[in-house]
Trainee: 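What follows is a single structure, and I will ask about it in a moment.
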Number of protein chains: 2
Amino acid sequence: MAQDGYEHPAIGDVTLPEVLHALSDPLRLHIVATLRAGGPRGWGAFDAQVAASTLSHHMKVLRMAGLVCNRRDGTRCLVSLRPEIETRFPGLLATVVALHQGPGTSQGAAAMPKA
Amino acid sequence: MAQDGYEHPAIGDVTLPEVLHALSDPLRLHIVATLRAGGPRGWGAFDAQVAASTLSHHMKVLRMAGLVCNRRDGTRCLVSLRPEIETRFPGLLATVVALHQGPGTSQGAAAMPKA
DNA sequence: TACTATATTCGTCGAATATCGAACATCAAC
DNA sequence: GTTGATGTTCGATATTCGACGAATATAGTA
């Protein structure tokens, strides 16, 4: 965990292209979708088939895009979605995650493919 | 215009990360937003401050992501949004474009920031 | 045919990204 | 203090991205 605190950008500084880019990676999209489906969790919760350092890198991308926040929990580090992202870009996460999961796994998102 | 026809992927082959990546560039986002606000148009309609070859490159990215289609019109090449993208990823474009344009320029999209 | 307008393709460049392994930092437990 | 668990940072490498200029292709016009 390196330093004491994590660097989180002010939600107002986050740009839309930045967020879209963060979501344009399959693994990061999977992480965000997983977080939406449940609460905060440690790194191990995402059965990512990549090295720990790679996963750490993707987490930083998500964090710097204002999508997630990290919190220390003993020796682990819990991740969770940043609620403010909904205020900053209303409906975006709901739409993207719903489309990612497909029609069968919808969770009350903004758009609902019927075919 | 190179060859007679343009290469357009089948809409079913387009993936969500691919589309999000195509939208994660400011210029491409601007192009898509402009196209949504009006009909088909030539390259010159987007007052892009980049070289023609660069613009052509971005057009190809958008085309390969299934977002736009190109059509020959004499010596020009008209671009327009692919309607099928709405079937493939319902609500995505509306949400993203609305968020890109901001609260003041809303055009009946999915989400409407009020602050 | 030659010339112009418009867009594409090619080759190249520098910057950013993705990935890994190794070393390091932090906390909890022994 | 040592050890183990959990992430982070660093260095190296390979790939992708965005940009440009130059050369090319096509349609229309002189």
Side-chain angles (χ1 to χ4, degrees), chain A residues 1-9 14-32 34-35 39-80, chain B residues 1-9 15 17-32 34-35 40-65 67-80:
Chain A
M1 299 97 179
Q3 307 86 274
D4 198 290
Y6 289 96
E7 183 186 357
H8 293 90
V14 176
T15 68
L16 182 57
E18 200 175 355
V19 171
L20 293 175
H21 175 253
L23 292 173
S24 71
D25 180 271
L27 176 54
R28 293 195 292 256
L29 192 49
H30 168 70
I31 291 173
V32 169
T34 303
L35 287 176
R41 56 198 70 199
W43 272 200
F46 321 99
D47 52 338
Q49 302 300 315
V50 295
S53 53
T54 300
L55 187 55
S56 183
H57 159 72
H58 285 300
M59 283 300 172
K60 186 174 185 178
V61 172
L62 288 173
R63 188 169 59 238
M64 297 313 281
L67 284 166
V68 307
C69 58
N70 298 103
R71 184 167 49 85
R72 192 61 115 337
D73 173 54
T75 164
R76 292 190 311 162
C77 169
L78 298 183
V79 215
S80 50
Chain B
M1 297 97 180
Q3 307 85 277
D4 199 291
Y6 289 96
E7 183 186 357
H8 293 90
T15 68
E18 201 175 356
V19 172
L20 293 176
H21 174 252
L23 293 173
S24 72
D25 180 89
L27 176 54
R28 292 195 294 256
L29 193 49
H30 168 70
I31 290 173
V32 169
T34 302
L35 287 175
R41 55 199 69 199
W43 273 201
F46 320 99
D47 53 338
Q49 302 299 316
V50 295
S53 54
T54 300
L55 187 54
S56 183
H57 160 71
H58 284 300
M59 283 299 172
K60 186 173 184 179
V61 172
L62 287 173
R63 187 169 60 238
M64 298 312 281
L67 283 166
V68 307
C69 58
N70 298 101
R71 183 167 50 83
R72 193 62 114 337
D73 173 54
T75 163
R76 293 190 311 162
C77 168
L78 297 184
V79 215
S80 49

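Lettering of chains follows the sequences in order, A, B, ..., and the numbering in each one begins at 1. Hydrogens, waters and symmetry mates are skipped; everything else that's a heavy atom, side chains included, is used.
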Trainee: Working note: A:V14 + A:L67, criterion side-chain contact (heavy atoms from CB on, under 4.5 Å); need CA distance, chi angles, decisive distance, verdict.
Mentor: CA-CA 9 Å; A:V14 176; A:L67 284 166; over 6 Å; no

Trainee: Taking only side-chain nitrogens and oxygens of A:T75, does any of them come within less than 4.0 Å of OP1 or OP2 of D:dA5?
Mentor: no

Trainee: Hey, does the side-chain of A:S53 have a donor or acceptor N/O within less than 3.5 Å of a partner on the base of C:dG21?
Mentor: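 By the distance-only test, yes, there is a pair.
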
Trainee: Within this structure, what is the CD1-NE2 distance for the pair B:I31 and B:H58, rounded to the nearest 0.5 Å?
Mentor: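 Here the rounded value is 7.0 Å.
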
Trainee: How many angstroms lie between atom CG of B:D73 and atom CG of B:L78, to the nearest 0.5 angstrom?
Mentor: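 One finds 4.5 Å between CG of B:D73 and CG of B:L78.
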
Trainee: Output the rounded distance in Å from CZ (B:R72) to C1' (D:dG28).
Mentor: 12 Å

Trainee: Would you please classify the geometry between the B:H21 ring and the A:H21 ring as parallel, tilted or perpendicular, with 30° and 60° separating the classes?
Mentor: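 A:H21 and B:H21: tilted rings.
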
Trainee: Rounding to a whole Å, what distance do you find between A:K60:NZ and D:dT8:P?
Mentor: 10 Å

Trainee: Rounding to a whole Å, what distance do you find between B:D73:CG and C:dA5:P?
Mentor: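 Going from B:D73 (CG) to C:dA5 (P), I get 17 Å.
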
Trainee: Please determine, for the side chain of B:C77, which listed nucleotide (C:dA7, C:dC27, C:dG21) has the closest atom?
Mentor: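 Taking heavy atoms from C-beta onward, the closest nucleotide is C:dA7.
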
Trainee: Nearest 0.5 angstrom please: B:R41 CZ to B:L35 CG, how far?
Mentor: 6.0 Å

Trainee: Pull out every protein N or O sitting under 3.5 Å from an N or O of nucleotides 11-18 of chain D, one pair per line with the distance.
Mentor:
{"unit_1": "D:dG18", "atom_1": "OP1", "unit_2": "B:R28", "atom_2": "NH2", "d": "3.3"}
{"unit_1": "D:dG18", "atom_1": "OP2", "unit_2": "B:R28", "atom_2": "NH1", "d": "3.2"}

Trainee: To the nearest angstrom, how far is A:Y6 atom OH from D:dT6 atom P?
Mentor: 13 Å

Trainee: If I take atom CG in residue B:N70 and atom C1' in nucleotide D:dA27, what distance separates them, rounded to the nearest angstrom?
Mentor: 16 Å

Trainee: Rounded to whole angstrom units, what separation is found between the CG atom of A:L78 and the C1' atom of C:dC27?
Mentor: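 Computing the A:L78:CG to C:dC27:C1' distance gives 14 Å.
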
Trainee: Expressed as a whole number of angstroms, how long is the span from B:M64:CE to C:dT9:P?
Mentor: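 The answer, rounded to whole Å, is 10 Å.
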
Trainee: Taking only the side-chain heavy atoms of A:S56 (C-beta and beyond), determine which of D:dC20, C:dC20, D:dT9 contains the nearest atom.
Mentor: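 Closest of the options to the side chain of A:S56: D:dT9.
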
Trainee: Keeping B:H30 on the side-chain end and B:D47 on the backbone end, is there a donor-acceptor pair under 3.5 Å?
Mentor: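 No, the answer is negative, given that no donor and acceptor are paired below the 3.5 Å cut-off.
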
Trainee: When the distance from CZ of A:R71 to P of D:dT6 is rounded to whole Å, what number comes out?
Mentor: 17 Å

Trainee: Starting at the 5' end of DNA chain C, which residue's closest nucleotide do you reach first, A:Q49 or B:W43?
Mentor: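 Nearest nucleotide further toward 5': that of B:W43.
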
Trainee: Measuring from B:W43:CH2 to B:R76:CZ, what's the distance to the nearest 0.5 Å?
Mentor: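 These two atoms lie 10.5 Å from each other.
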
